[in-house]
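A, B, ... follow the sequence lines: proteins, then strands. Residue 1 opens every chain. These figures come from a predicted structure and were not determined experimentally.
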Number of protein chains: 2
Amino acid sequence: MSSRTYGQYCGLVRAVELVGERWGLLIIRDLLVGPKRFTDLHRGLPGIPTNILSARLKELEQSGVVERRLLPRPESSVVYELTEYGRELEDIVMRLGRWGAKSLGDPNPGETVTPDSLVMALRTTFRPEAAAGIHRTFELRFGDIVLHAHVNDGTIAAGTGAAEHPDLIIETGPALKGLMAGELTPAEALQSGSVRVTGNPELLEAFVNLFRIDPKPVHAKA
Amino acid sequence: MSSRTYGQYCGLVRAVELVGERWGLLIIRDLLVGPKRFTDLHRGLPGIPTNILSARLKELEQSGVVERRLLPRPESSVVYELTEYGRELEDIVMRLGRWGAKSLGDPNPGETVTPDSLVMALRTTFRPEAAAGIHRTFELRFGDIVLHAHVNDGTIAAGTGAAEHPDLIIETGPALKGLMAGELTPAEALQSGSVRVTGNPELLEAFVNLFRIDPKPVHAKA
DNA sequence: CTGGATCCCTCACGATACTG
DNA sequence: CAGTATCGTGAGGGATCCAG
(Lines give C-alpha, C1' and ligand atoms only; values in the text may rest on other atoms or scores of the structure.)
Protein backbone atom coordinates (compact mmCIF):
# COMPACT_ATOMS: atom_id res chain seq x y z
CA MET A 1 0.00 0.00 0.00
CA SER A 2 1.55 3.20 -1.17
CA SER A 3 1.56 6.18 1.05
CA ARG A 4 -1.37 8.55 0.63
CA THR A 5 -3.74 5.67 0.07
CA TYR A 6 -5.47 3.76 2.82
CA GLY A 7 -5.96 0.30 1.37
CA GLN A 8 -9.68 0.35 1.86
CA TYR A 9 -12.40 0.03 -0.71
CA CYS A 10 -14.78 2.63 0.68
CA GLY A 11 -16.41 5.80 -0.57
CA LEU A 12 -15.18 7.94 2.29
CA VAL A 13 -11.66 6.64 1.85
CA ARG A 14 -11.76 7.52 -1.83
CA ALA A 15 -13.00 10.99 -0.99
CA VAL A 16 -10.19 11.54 1.49
CA GLU A 17 -7.67 10.27 -1.01
CA LEU A 18 -9.00 12.71 -3.60
CA VAL A 19 -9.36 15.90 -1.58
CA GLY A 20 -8.06 15.08 1.89
CA GLU A 21 -4.43 15.81 1.24
CA ARG A 22 -2.89 18.82 2.85
CA TRP A 23 -4.14 22.06 1.22
CA GLY A 24 -6.64 20.15 -0.90
CA LEU A 25 -9.88 21.45 0.54
CA LEU A 26 -8.51 24.97 0.82
CA ILE A 27 -7.74 25.01 -2.87
CA ILE A 28 -11.28 23.87 -3.48
CA ARG A 29 -12.63 26.52 -1.13
CA ASP A 30 -10.99 29.24 -3.19
CA LEU A 31 -12.13 27.71 -6.46
CA LEU A 32 -15.69 27.63 -5.15
CA VAL A 33 -15.59 31.42 -5.16
CA GLY A 34 -14.61 31.41 -8.82
CA PRO A 35 -12.05 30.23 -11.38
CA LYS A 36 -8.56 31.29 -10.54
CA ARG A 37 -5.12 31.53 -12.01
CA PHE A 38 -2.15 29.86 -10.43
CA THR A 39 -0.94 33.11 -8.96
CA ASP A 40 -4.34 33.96 -7.54
CA LEU A 41 -4.45 30.63 -5.78
CA HIS A 42 -0.94 31.13 -4.52
CA ARG A 43 -1.87 34.50 -3.10
CA GLY A 44 -5.00 33.11 -1.46
CA LEU A 45 -3.15 30.27 0.23
CA PRO A 46 -0.45 32.02 2.24
CA GLY A 47 2.42 29.68 2.81
CA ILE A 48 1.73 27.03 0.23
CA PRO A 49 4.86 26.12 -1.71
CA THR A 50 4.45 26.43 -5.44
CA ASN A 51 5.46 22.84 -6.04
CA ILE A 52 2.75 21.64 -3.69
CA LEU A 53 0.13 23.83 -5.30
CA SER A 54 1.24 22.55 -8.65
CA ALA A 55 1.11 18.94 -7.54
CA ARG A 56 -2.34 19.31 -5.94
CA LEU A 57 -3.77 20.93 -9.02
CA LYS A 58 -2.45 18.10 -11.16
CA GLU A 59 -3.93 15.50 -8.85
CA LEU A 60 -7.27 17.26 -8.68
CA GLU A 61 -7.29 17.61 -12.43
CA GLN A 62 -6.46 13.95 -12.84
CA SER A 63 -9.31 12.89 -10.62
CA GLY A 64 -11.83 15.07 -12.40
CA VAL A 65 -12.35 17.60 -9.62
CA VAL A 66 -10.59 20.54 -11.23
CA GLU A 67 -10.29 21.55 -14.83
CA ARG A 68 -7.36 23.42 -16.29
CA ARG A 69 -8.29 25.80 -19.04
CA LEU A 70 -6.24 28.06 -21.26
CA LEU A 71 -7.67 31.49 -21.78
CA PRO A 72 -7.82 32.73 -25.36
CA ARG A 73 -5.40 35.30 -26.56
CA PRO A 74 -4.26 37.90 -25.77
CA GLU A 75 -4.57 36.68 -22.16
CA SER A 76 -2.97 33.41 -23.07
CA SER A 77 -3.20 32.55 -19.44
CA VAL A 78 -4.25 29.52 -17.45
CA VAL A 79 -7.23 29.27 -15.18
CA TYR A 80 -8.30 26.47 -12.88
CA GLU A 81 -11.93 25.87 -12.19
CA LEU A 82 -14.01 23.19 -10.56
CA THR A 83 -15.69 20.58 -12.68
CA GLU A 84 -19.30 19.71 -12.00
CA TYR A 85 -18.04 16.88 -9.83
CA GLY A 86 -15.86 19.31 -7.93
CA ARG A 87 -18.72 21.73 -7.44
CA GLU A 88 -20.62 18.98 -5.69
CA LEU A 89 -18.25 19.59 -2.81
CA GLU A 90 -19.72 23.00 -2.14
CA ASP A 91 -22.26 21.83 0.36
CA ILE A 92 -19.70 19.67 2.15
CA VAL A 93 -17.16 22.48 2.33
CA MET A 94 -19.75 24.85 3.72
CA ARG A 95 -20.87 22.40 6.36
CA LEU A 96 -17.28 21.71 7.34
CA GLY A 97 -16.66 25.43 7.55
CA ARG A 98 -19.71 25.91 9.73
CA TRP A 99 -18.57 23.07 11.96
CA GLY A 100 -15.03 24.33 12.26
CA ALA A 101 -16.09 27.92 12.89
CA LYS A 102 -17.51 26.77 16.21
CA SER A 103 -13.97 26.02 17.31
CA LEU A 104 -12.64 29.43 16.35
CA GLY A 105 -11.43 31.34 19.34
CA ASP A 106 -9.41 34.46 18.88
CA PRO A 107 -7.01 34.49 15.95
CA ASN A 108 -3.69 32.90 16.73
CA PRO A 109 -0.69 35.13 16.23
CA GLY A 110 0.21 35.27 12.58
CA GLU A 111 -3.12 34.03 11.32
CA THR A 112 -4.44 35.97 8.39
CA VAL A 113 -7.78 36.33 6.68
CA THR A 114 -8.09 36.06 2.93
CA PRO A 115 -10.80 37.52 0.69
CA ASP A 116 -11.99 34.12 -0.50
CA SER A 117 -12.19 32.71 3.00
CA LEU A 118 -14.36 35.64 4.01
CA VAL A 119 -16.65 35.17 1.03
CA MET A 120 -17.06 31.53 1.91
CA ALA A 121 -17.58 32.45 5.55
CA LEU A 122 -20.52 34.63 4.57
CA ARG A 123 -22.01 31.95 2.38
CA THR A 124 -21.39 29.36 5.07
CA THR A 125 -22.95 31.22 7.96
CA PHE A 126 -25.92 32.53 6.00
CA ARG A 127 -29.25 31.39 7.40
CA PRO A 128 -31.85 31.24 4.62
CA GLU A 129 -34.63 30.69 7.13
CA ALA A 130 -33.86 34.11 8.62
CA ALA A 131 -33.85 35.82 5.24
CA ALA A 132 -37.40 35.22 4.07
CA GLY A 133 -38.73 38.38 2.52
CA ILE A 134 -35.53 40.28 3.20
CA HIS A 135 -33.76 42.28 0.49
CA ARG A 136 -30.58 43.90 1.66
CA THR A 137 -27.12 44.64 0.38
CA PHE A 138 -24.19 44.75 2.74
CA GLU A 139 -20.64 45.81 2.16
CA LEU A 140 -18.10 44.30 4.48
CA ARG A 141 -14.65 45.78 5.01
CA PHE A 142 -12.18 43.68 6.89
CA GLY A 143 -8.76 45.28 6.94
CA ASP A 144 -7.96 45.84 3.28
CA ILE A 145 -10.52 43.31 2.15
CA VAL A 146 -13.76 44.59 0.70
CA LEU A 147 -16.65 42.35 -0.19
CA HIS A 148 -20.34 42.48 -0.79
CA ALA A 149 -23.35 40.38 0.09
CA HIS A 150 -26.73 40.64 -1.57
CA VAL A 151 -29.46 39.01 0.47
CA ASN A 152 -32.57 38.34 -1.55
CA ASP A 153 -35.39 36.48 0.08
CA GLY A 154 -33.63 33.39 1.30
CA THR A 155 -30.71 33.55 -1.11
CA ILE A 156 -27.25 34.99 -0.72
CA ALA A 157 -24.86 36.27 -3.34
CA ALA A 158 -21.50 37.13 -1.86
CA GLY A 159 -18.31 38.02 -3.62
CA THR A 160 -15.21 40.15 -3.45
CA GLY A 161 -15.33 43.82 -4.24
CA ALA A 162 -17.50 46.70 -3.13
CA ALA A 163 -21.26 46.77 -3.29
CA GLU A 164 -22.95 49.25 -5.55
CA HIS A 165 -25.70 50.61 -3.35
CA PRO A 166 -25.16 49.03 0.05
CA ASP A 167 -27.80 49.44 2.70
CA LEU A 168 -25.05 49.13 5.24
CA ILE A 169 -21.27 49.29 5.18
CA ILE A 170 -19.60 47.36 7.98
CA GLU A 171 -15.99 48.02 8.85
CA THR A 172 -14.54 45.50 11.20
CA GLY A 173 -11.73 43.13 12.10
CA PRO A 174 -11.41 39.95 14.13
CA ALA A 175 -14.29 41.14 16.31
CA LEU A 176 -16.55 40.02 13.48
CA LYS A 177 -16.41 36.46 14.73
CA GLY A 178 -17.57 37.40 18.20
CA LEU A 179 -20.36 39.40 16.67
CA MET A 180 -21.55 36.53 14.50
CA ALA A 181 -21.22 34.06 17.35
CA GLY A 182 -23.33 36.21 19.62
CA GLU A 183 -20.52 36.71 22.10
CA LEU A 184 -20.78 40.39 21.38
CA THR A 185 -24.00 42.30 20.78
CA PRO A 186 -24.19 44.80 17.95
CA ALA A 187 -24.58 47.59 20.49
CA GLU A 188 -21.46 46.53 22.34
CA ALA A 189 -19.51 46.16 19.13
CA LEU A 190 -20.46 49.62 17.95
CA GLN A 191 -19.81 51.19 21.31
CA SER A 192 -16.38 49.63 21.68
CA GLY A 193 -15.49 50.74 18.18
CA SER A 194 -14.47 47.25 17.12
CA VAL A 195 -17.20 47.51 14.49
CA ARG A 196 -18.04 50.70 12.63
CA VAL A 197 -20.91 51.15 10.23
CA THR A 198 -22.01 53.55 7.56
CA GLY A 199 -25.75 53.60 7.14
CA ASN A 200 -28.53 52.79 9.55
CA PRO A 201 -26.82 51.19 12.57
CA GLU A 202 -29.92 49.19 13.33
CA LEU A 203 -29.26 47.15 10.22
CA LEU A 204 -26.36 45.58 12.06
CA GLU A 205 -28.95 43.67 14.03
CA ALA A 206 -30.34 42.33 10.79
CA PHE A 207 -26.84 41.35 9.71
CA VAL A 208 -26.11 39.27 12.80
CA ASN A 209 -29.48 37.65 12.42
CA LEU A 210 -28.67 36.66 8.85
CA PHE A 211 -25.11 35.46 9.39
CA ARG A 212 -24.49 33.42 12.46
CA ILE A 213 -21.98 31.03 13.97
CA ASP A 214 -23.66 28.47 16.19
CA PRO A 215 -22.10 27.62 19.54
CA LYS A 216 -19.93 24.58 19.96
CA PRO A 217 -21.70 22.02 22.13
CA VAL A 218 -20.34 21.95 25.63
CA HIS A 219 -18.57 18.80 26.50
CA ALA A 220 -19.60 17.40 29.83
CA LYS A 221 -16.40 16.11 31.34
CA ALA A 222 -16.65 13.07 33.55
CA MET B 1 3.68 28.87 11.16
CA SER B 2 4.08 25.41 12.51
CA SER B 3 3.43 22.50 10.31
CA ARG B 4 -0.08 21.10 10.40
CA THR B 5 -1.57 24.53 10.71
CA TYR B 6 -2.35 26.81 7.81
CA GLY B 7 -2.00 30.30 9.25
CA GLN B 8 -5.51 31.31 8.36
CA TYR B 9 -8.31 32.44 10.61
CA CYS B 10 -11.16 30.60 8.93
CA GLY B 11 -13.75 28.02 9.91
CA LEU B 12 -12.87 25.59 7.18
CA VAL B 13 -9.19 25.85 8.03
CA ARG B 14 -9.93 25.12 11.65
CA ALA B 15 -12.02 22.11 10.65
CA VAL B 16 -9.23 20.74 8.47
CA GLU B 17 -6.74 21.28 11.25
CA LEU B 18 -8.99 19.37 13.64
CA VAL B 19 -10.02 16.39 11.55
CA GLY B 20 -8.17 16.73 8.26
CA GLU B 21 -4.99 14.99 9.29
CA ARG B 22 -4.23 11.65 7.80
CA TRP B 23 -6.52 8.94 9.23
CA GLY B 24 -8.59 11.51 11.10
CA LEU B 25 -11.89 11.17 9.29
CA LEU B 26 -11.56 7.41 9.10
CA ILE B 27 -11.25 7.19 12.86
CA ILE B 28 -14.36 9.31 13.09
CA ARG B 29 -16.13 7.12 10.56
CA ASP B 30 -15.58 4.08 12.75
CA LEU B 31 -16.58 5.93 15.89
CA LEU B 32 -19.81 6.99 14.20
CA VAL B 33 -20.78 3.33 14.17
CA GLY B 34 -20.27 3.15 17.91
CA PRO B 35 -17.78 3.57 20.75
CA LYS B 36 -14.65 1.52 20.28
CA ARG B 37 -11.62 0.34 22.14
CA PHE B 38 -8.12 1.07 20.91
CA THR B 39 -7.76 -2.41 19.50
CA ASP B 40 -11.08 -2.27 17.72
CA LEU B 41 -10.03 0.93 16.00
CA HIS B 42 -6.69 -0.58 15.14
CA ARG B 43 -8.41 -3.55 13.58
CA GLY B 44 -10.79 -1.37 11.62
CA LEU B 45 -8.03 0.79 10.19
CA PRO B 46 -5.75 -1.69 8.46
CA GLY B 47 -2.27 -0.32 8.27
CA ILE B 48 -2.46 2.50 10.77
CA PRO B 49 0.57 2.49 13.06
CA THR B 50 -0.33 2.36 16.70
CA ASN B 51 1.60 5.50 17.49
CA ILE B 52 -0.33 7.42 14.87
CA LEU B 53 -3.64 6.10 16.14
CA SER B 54 -2.58 7.07 19.62
CA ALA B 55 -1.57 10.54 18.53
CA ARG B 56 -4.76 11.15 16.57
CA LEU B 57 -6.93 10.07 19.46
CA LYS B 58 -5.10 12.45 21.76
CA GLU B 59 -5.53 15.32 19.35
CA LEU B 60 -9.19 14.57 18.78
CA GLU B 61 -9.73 14.31 22.49
CA GLN B 62 -7.94 17.58 23.06
CA SER B 63 -10.11 19.39 20.56
CA GLY B 64 -13.32 18.04 22.02
CA VAL B 65 -14.24 15.74 19.16
CA VAL B 66 -13.58 12.45 20.91
CA GLU B 67 -13.99 11.45 24.50
CA ARG B 68 -11.91 8.85 26.23
CA ARG B 69 -13.79 6.89 28.85
CA LEU B 70 -12.73 4.19 31.25
CA LEU B 71 -15.14 1.33 31.53
CA PRO B 72 -16.08 0.28 35.06
CA ARG B 73 -14.70 -2.87 36.50
CA PRO B 74 -14.24 -5.70 35.79
CA GLU B 75 -13.74 -4.50 32.22
CA SER B 76 -11.41 -1.79 33.38
CA SER B 77 -10.90 -1.01 29.77
CA VAL B 78 -10.80 2.16 27.69
CA VAL B 79 -13.30 3.20 25.08
CA TYR B 80 -13.29 6.12 22.73
CA GLU B 81 -16.49 7.74 21.64
CA LEU B 82 -17.54 10.87 19.85
CA THR B 83 -18.61 13.88 21.81
CA GLU B 84 -21.73 15.73 20.75
CA TYR B 85 -19.49 18.05 18.77
CA GLY B 86 -17.90 15.06 17.08
CA ARG B 87 -21.26 13.56 16.24
CA GLU B 88 -22.09 16.71 14.34
CA LEU B 89 -19.67 15.40 11.73
CA GLU B 90 -21.98 12.53 10.84
CA ASP B 91 -23.79 14.34 8.10
CA ILE B 92 -20.55 15.66 6.63
CA VAL B 93 -18.91 12.23 6.70
CA MET B 94 -21.89 10.67 4.99
CA ARG B 95 -21.98 13.30 2.27
CA LEU B 96 -18.25 12.92 1.72
CA GLY B 97 -18.69 9.18 1.51
CA ARG B 98 -21.48 9.54 -1.00
CA TRP B 99 -19.37 11.91 -3.05
CA GLY B 100 -16.30 9.69 -2.97
CA ALA B 101 -18.27 6.54 -3.77
CA LYS B 102 -18.93 7.98 -7.21
CA SER B 103 -15.22 7.69 -7.90
CA LEU B 104 -15.03 4.06 -6.85
CA GLY B 105 -14.08 1.82 -9.71
CA ASP B 106 -13.11 -1.75 -9.09
CA PRO B 107 -11.16 -2.39 -5.91
CA ASN B 108 -7.46 -1.83 -6.30
CA PRO B 109 -5.29 -4.83 -5.50
CA GLY B 110 -4.89 -5.15 -1.79
CA GLU B 111 -7.83 -2.98 -0.87
CA THR B 112 -9.97 -4.42 1.85
CA VAL B 113 -13.44 -3.79 3.18
CA THR B 114 -14.08 -3.39 6.87
CA PRO B 115 -17.30 -3.97 8.78
CA ASP B 116 -17.62 -0.36 9.87
CA SER B 117 -17.01 0.99 6.41
CA LEU B 118 -19.79 -1.23 5.12
CA VAL B 119 -22.18 -0.08 7.82
CA MET B 120 -21.44 3.53 6.96
CA ALA B 121 -21.77 2.72 3.28
CA LEU B 122 -25.29 1.49 3.89
CA ARG B 123 -26.21 4.53 5.93
CA THR B 124 -24.57 6.78 3.37
CA THR B 125 -26.27 5.40 0.30
CA PHE B 126 -29.67 5.03 1.89
CA ARG B 127 -32.35 7.05 0.14
CA PRO B 128 -35.11 7.98 2.60
CA GLU B 129 -37.33 9.24 -0.20
CA ALA B 130 -37.37 5.73 -1.64
CA ALA B 131 -38.25 4.15 1.69
CA ALA B 132 -41.59 5.76 2.45
CA GLY B 133 -43.92 3.13 3.80
CA ILE B 134 -41.35 0.40 3.45
CA HIS B 135 -40.53 -1.97 6.30
CA ARG B 136 -37.84 -4.47 5.48
CA THR B 137 -34.91 -6.14 7.14
CA PHE B 138 -31.87 -7.11 5.13
CA GLU B 139 -28.87 -9.16 6.09
CA LEU B 140 -25.75 -8.46 4.09
CA ARG B 141 -22.84 -10.86 3.92
CA PHE B 142 -19.66 -9.59 2.36
CA GLY B 143 -16.85 -12.09 2.69
CA ASP B 144 -16.67 -12.78 6.40
CA ILE B 145 -18.53 -9.62 7.27
CA VAL B 146 -22.13 -9.91 8.34
CA LEU B 147 -24.34 -6.92 8.93
CA HIS B 148 -27.96 -5.98 9.10
CA ALA B 149 -30.13 -3.13 7.92
CA HIS B 150 -33.60 -2.37 9.18
CA VAL B 151 -35.52 -0.07 6.88
CA ASN B 152 -38.51 1.51 8.52
CA ASP B 153 -40.48 4.07 6.61
CA GLY B 154 -37.76 6.50 5.66
CA THR B 155 -35.33 5.56 8.37
CA ILE B 156 -32.41 3.18 8.36
CA ALA B 157 -30.80 1.31 11.22
CA ALA B 158 -27.67 -0.50 10.12
CA GLY B 159 -25.09 -2.25 12.21
CA THR B 160 -22.73 -5.15 12.36
CA GLY B 161 -23.96 -8.63 13.08
CA ALA B 162 -26.71 -10.80 11.68
CA ALA B 163 -30.33 -9.78 11.40
CA GLU B 164 -32.91 -11.65 13.43
CA HIS B 165 -35.65 -12.19 10.91
CA PRO B 166 -34.31 -10.88 7.62
CA ASP B 167 -36.65 -10.56 4.68
CA LEU B 168 -33.66 -11.13 2.47
CA ILE B 169 -30.11 -12.34 2.95
CA ILE B 170 -27.67 -11.01 0.40
CA GLU B 171 -24.32 -12.70 -0.07
CA THR B 172 -21.94 -10.75 -2.21
CA GLY B 173 -18.52 -9.28 -2.74
CA PRO B 174 -17.08 -6.37 -4.68
CA ALA B 175 -19.91 -6.73 -7.19
CA LEU B 176 -22.06 -4.97 -4.61
CA LYS B 177 -20.78 -1.61 -5.77
CA GLY B 178 -21.76 -2.23 -9.38
CA LEU B 179 -25.15 -3.34 -8.19
CA MET B 180 -25.72 -0.22 -6.13
CA ALA B 181 -24.38 2.02 -8.88
CA GLY B 182 -26.75 0.52 -11.41
CA GLU B 183 -23.93 -0.79 -13.56
CA LEU B 184 -25.29 -4.24 -12.93
CA THR B 185 -28.95 -5.16 -12.74
CA PRO B 186 -30.17 -7.45 -9.98
CA ALA B 187 -31.05 -10.04 -12.59
CA GLU B 188 -27.57 -9.94 -14.06
CA ALA B 189 -25.97 -10.10 -10.65
CA LEU B 190 -28.01 -13.12 -9.65
CA GLN B 191 -27.45 -14.86 -12.93
CA SER B 192 -23.69 -14.34 -12.89
CA GLY B 193 -23.55 -15.60 -9.34
CA SER B 194 -21.71 -12.51 -8.12
CA VAL B 195 -24.67 -11.95 -5.80
CA ARG B 196 -26.60 -14.74 -4.10
CA VAL B 197 -29.73 -14.32 -2.04
CA THR B 198 -31.77 -16.27 0.46
CA GLY B 199 -35.39 -15.23 0.43
CA ASN B 200 -37.52 -13.70 -2.25
CA PRO B 201 -35.09 -12.71 -5.03
CA GLU B 202 -37.39 -9.92 -6.11
CA LEU B 203 -36.55 -8.12 -2.90
CA LEU B 204 -33.12 -7.48 -4.39
CA GLU B 205 -34.83 -4.92 -6.62
CA ALA B 206 -36.14 -3.20 -3.53
CA PHE B 207 -32.65 -3.22 -2.04
CA VAL B 208 -31.01 -1.50 -4.99
CA ASN B 209 -33.79 1.03 -4.98
CA LEU B 210 -33.16 1.80 -1.33
CA PHE B 211 -29.37 1.93 -1.44
CA ARG B 212 -27.86 3.65 -4.39
CA ILE B 213 -24.61 5.20 -5.57
CA ASP B 214 -25.26 8.09 -7.91
CA PRO B 215 -23.16 8.42 -11.04
CA LYS B 216 -20.19 10.71 -11.18
CA PRO B 217 -20.92 13.64 -13.47
CA VAL B 218 -19.23 13.25 -16.80
CA HIS B 219 -16.56 15.78 -17.43
CA ALA B 220 -16.78 17.31 -20.88
CA LYS B 221 -13.21 17.61 -22.01
CA ALA B 222 -12.37 20.57 -24.19
C1' DC C 1 5.00 39.07 -15.06
C1' DT C 2 2.74 34.39 -14.94
C1' DG C 3 3.30 29.52 -14.29
C1' DG C 4 5.59 26.68 -12.81
C1' DA C 5 10.23 23.22 -12.11
C1' DT C 6 14.27 22.08 -9.09
C1' DC C 7 16.92 21.92 -5.11
C1' DC C 8 17.76 20.75 -0.26
C1' DC C 9 16.25 20.17 4.35
C1' DT C 10 13.10 18.93 7.94
C1' DC C 11 9.59 16.74 10.24
C1' DA C 12 5.43 13.99 10.23
C1' DC C 13 4.40 9.61 9.19
C1' DG C 14 5.28 4.40 8.60
C1' DA C 15 7.08 0.05 10.38
C1' DT C 16 8.50 -2.58 14.08
C1' DA C 17 9.77 -3.65 18.67
C1' DC C 18 8.72 -3.48 23.20
C1' DT C 19 6.38 -2.41 27.90
C1' DG C 20 2.82 -1.57 31.96
C1' DC D 1 -5.19 -4.75 25.94
C1' DA D 2 -3.40 -0.25 25.36
C1' DG D 3 -0.44 1.92 24.24
C1' DT D 4 5.17 3.98 24.28
C1' DA D 5 9.92 3.89 22.13
C1' DT D 6 12.89 3.90 18.36
C1' DC D 7 14.34 4.69 13.91
C1' DG D 8 14.02 5.14 8.80
C1' DT D 9 11.61 7.32 4.83
C1' DG D 10 9.12 10.31 1.95
C1' DA D 11 5.95 14.20 1.58
C1' DG D 12 5.88 18.89 2.62
C1' DG D 13 8.31 23.57 3.57
C1' DG D 14 11.17 27.18 1.69
C1' DA D 15 14.18 29.31 -1.48
C1' DT D 16 15.75 29.74 -5.93
C1' DC D 17 15.72 29.38 -10.76
C1' DC D 18 13.77 29.05 -15.49
C1' DA D 19 10.58 29.16 -19.71
C1' DG D 20 6.95 31.56 -22.24
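Between Phe126(A) and Phe211(A), the ring planes lie tilted relative to each other; the angle falls in the 30° to 60° range.
Taking a cutoff of 4.0 Å between a charged side-chain nitrogen and a carboxylate oxygen, Lys216(A) and Glu88(B) do not qualify as a salt bridge. The existence of a salt bridge linking Asp30(A) and Lys36(A) is excluded, since no basic side-chain nitrogen approaches an acidic carboxylate oxygen closer than 4.0 Å. Taking the charged nitrogens against the carboxylate oxygens, Glu84(A) and Arg87(A) have no contact shorter than 4.0 Å, which rules out a salt bridge.
Taking atom CG on Leu45(B) and atom C1' on dG14(C), their separation rounds to 14 Å, with Å as the unit. In this entry the distance linking CZ of Arg22(A) with P of dG14(D) reads 9 Å, nearest Å. Residue Arg43(B) contributes atom CZ, which lies 7 Å from atom P of dC1(D) at whole-angstrom precision. The nearest whole Å value for the distance from the NE2 atom in His42(A) to the C1' atom in dG13(D) is 11 Å. Between Arg4(B) atom CZ and dA11(D) atom C1' the separation is 14 Å, expressed in whole Å. Atom CG of Leu71(A) and atom C1' of dG3(C) are 13 Å apart (whole Å). Counting to the nearest Å, the P atom of dG4(C) and the CD1 atom of Ile27(A) are 12 Å from each other. Residue Ile52(A) contributes atom CD1, which lies 13 Å from atom C1' of dT6(C) at whole-angstrom precision.
For the pair Trp23(B) and dG14(C), the criterion of a side-chain N or O lying under 4.0 Å from OP1 or OP2 is met.
A cation-pi arrangement is absent between Arg68(A) and Phe38(A) under the rule of less than 6.0 angstrom and at most 45 degrees off the ring axis.
The salt bridge (charged side-chain N to carboxylate O under 4.0 Å, His left out) test with Glu183(A) singles out one residue from Lys177(A), Arg212(A), Lys102(A), and that residue is Lys177(A).
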Identify all pairs in which a protein N or O lies below 3.5 Å from an N or O of nucleotides 2-4 of chain D, and state each distance.
{"residue": "dA2(D)", "atom": "OP1", "partner": "Ser77(B)", "partner atom": "OG", "Å": "2.3"}
{"residue": "dA2(D)", "atom": "OP1", "partner": "Val78(B)", "partner atom": "N", "Å": "3.4"}
{"residue": "dA2(D)", "atom": "OP1", "partner": "Val78(B)", "partner atom": "O", "Å": "3.3"}
{"residue": "dA2(D)", "atom": "OP2", "partner": "Thr39(B)", "partner atom": "N", "Å": "3.4"}
{"residue": "dA2(D)", "atom": "OP2", "partner": "Thr39(B)", "partner atom": "OG1", "Å": "2.9"}
{"residue": "dG3(D)", "atom": "OP1", "partner": "Arg68(B)", "partner atom": "NH1", "Å": "2.6"}
{"residue": "dG3(D)", "atom": "OP1", "partner": "Arg68(B)", "partner atom": "NH2", "Å": "3.3"}
{"residue": "dG3(D)", "atom": "OP2", "partner": "Tyr80(B)", "partner atom": "OH", "Å": "2.5"}
{"residue": "dT4(D)", "atom": "OP1", "partner": "Lys58(B)", "partner atom": "NZ", "Å": "3.1"}
{"residue": "dT4(D)", "atom": "OP2", "partner": "Ser54(B)", "partner atom": "OG", "Å": "2.6"}
{"residue": "dT4(D)", "atom": "OP2", "partner": "Lys58(B)", "partner atom": "NZ", "Å": "3.2"}
{"residue": "dT4(D)", "atom": "O4", "partner": "Thr50(B)", "partner atom": "OG1", "Å": "2.7"}

